Amino acid sequence: MTKDDQLDAAFSALAHPVRRAILAQLACGTASVNALAEPFDMTLPAVSKHIRVLETAGLISREKNAQFRLCTLETAPIREIASWTERYRTIWEGRFNAMDTLLADMKEKDQ
């Protein structure tokens, strides 16, 4: 899988709020699939599908420990996303600053 493919898979996985919530839980530490499913009003198989999407995207890893399947957040793909977005920060900030200036000018003209 190329870097672009990995980034595409990560962004696709992050597009769903349940998967983002699962990642937020895992940011606090390793958790079992059952523990990750607890806050959601959905079946365990439905949560397992979300976990598989995250695992396929490389955002989490799973291991079997006795009768439990433990999930762990993988930080490398998160760092890759942060690195990708950082490249565009100056563009976004410049546009937001220009919009702030425009709005301030419009407000002054209205007064």
Side-chain angles (χ1 to χ4, degrees):
M1 189 182 291
T2 68
K3 286 249 187 211
D4 283 343
D5 291 339
Q6 290 172 335
L7 200 55
D8 289 347
F11 278 122
S12 179
L14 292 171
H16 198 284
V18 168
R19 294 192 285 264
R20 291 191 304 271
I22 290 170
L23 289 180
Q25 285 179 271
L26 290 174
C28 297
T30 299
S32 70
V33 172
N34 286 339
L36 293 171
E38 195 173 299
F40 304 107
D41 186 23
M42 60 178 62
T43 65
L44 188 58
V47 172
S48 290
K49 285 182 182 181
H50 286 295
I51 289 171
R52 258 191 312 279
V53 170
L54 292 168
E55 185 178 25
T56 300
L59 295 168
I60 67 169
S61 60
R62 269 195 294 188
E63 67 180 63
K64 191 169 184 170
N65 185 348
Q67 71 268 24
F68 298 104
R69 293 230 180 248
L70 298 177
C71 298
T72 304
L73 181 67
E74 293 296 330
T75 57
I78 304 295
R79 283 194 303 271
E80 185 64 33
I81 291 168
S83 174
W84 183 86
T85 57
E86 187 62 32
R87 287 184 258 165
Y88 298 94
R89 178 188 294 272
T90 57
I91 295 168
W92 296 334
E93 286 177 349
R95 290 182 181 173
F96 286 136
N97 289 339
M99 187 170 57
D100 284 344
T101 301
L102 177 65
L103 291 173
D105 290 346
M106 290 172 66
K107 188 175 180 180
E108 281 182 24
K109 287 179 185 177
D110 284 345
Q111 291 178 4

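Note that the coordinates shown come from a computational prediction; the quantities given were computed from them, not determined experimentally.
Considering only residues two or more places apart in sequence or on other chains, Glu55 meets the salt bridge (Lys or Arg N to Asp or Glu O under 4.0 Å) condition with Arg62.
Around the CZ atom of Phe40, the shell of radius 6.0 Å holds more than 12 heavy atoms that belong to other residues, nucleotides or ligands. At most 12 non-hydrogen atoms from other residues, nucleotides or ligands lie less than 6.0 angstrom from CZ of Arg95.
Nearest approach of Leu73 to Leu59, heavy atoms of both residues: CD1-O, 3.6 Å.
A heavy-atom distance below 4.5 Å is not found between the side chains of Glu93 and Phe96.
Put simply, CG on Leu102 and CG on Asn97 are 12.5 Å apart, with the number rounded to the nearest 0.5 Å. Rounding to the nearest 0.5 Å gives a distance of 14.5 Å between NZ of Lys49 and CG of Leu54. In this structure, CG on Leu36 lies 13.5 Å from CZ on Arg69, to the nearest 0.5 angstrom.
Residues Ile78 and Ile51 are members of one and the same hydrophobic cluster, defined by side-chain heavy-atom contacts under 4.5 angstrom among Ile, Leu, Val, Met, Phe, Trp and Tyr.
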Give the table of side-chain donor-acceptor pairs shorter than 3.5 Å for residues 7-33, with sequence neighbours excluded, one pair per line with atom names and distance.
| from | atom 1 | to | atom 2 | distance (Å) |
| --- | --- | --- | --- | --- |
| His16 | ND1 | Val18 | N | 3.1 |
| Arg19 | NE | Ala13 | O | 2.8 |
| Arg19 | NH1 | His50 | ND1 | 3.1 |
| Arg20 | NH1 | Leu14 | O | 2.7 |
| Arg20 | NH1 | Ala15 | O | 3.3 |
| Thr30 | OG1 | Thr72 | OG1 | 3.2 |
| Ser32 | OG | Ala35 | N | 3.0 |

Listed pairs under 3.5 Å, donor-acceptor, residues 41-48 side chains, sequence neighbours left out:
| from | atom 1 | to | atom 2 | distance (Å) |
| --- | --- | --- | --- | --- |
| Thr43 | OG1 | Ala46 | N | 3.2 |
| Ser48 | OG | Leu44 | O | 3.1 |

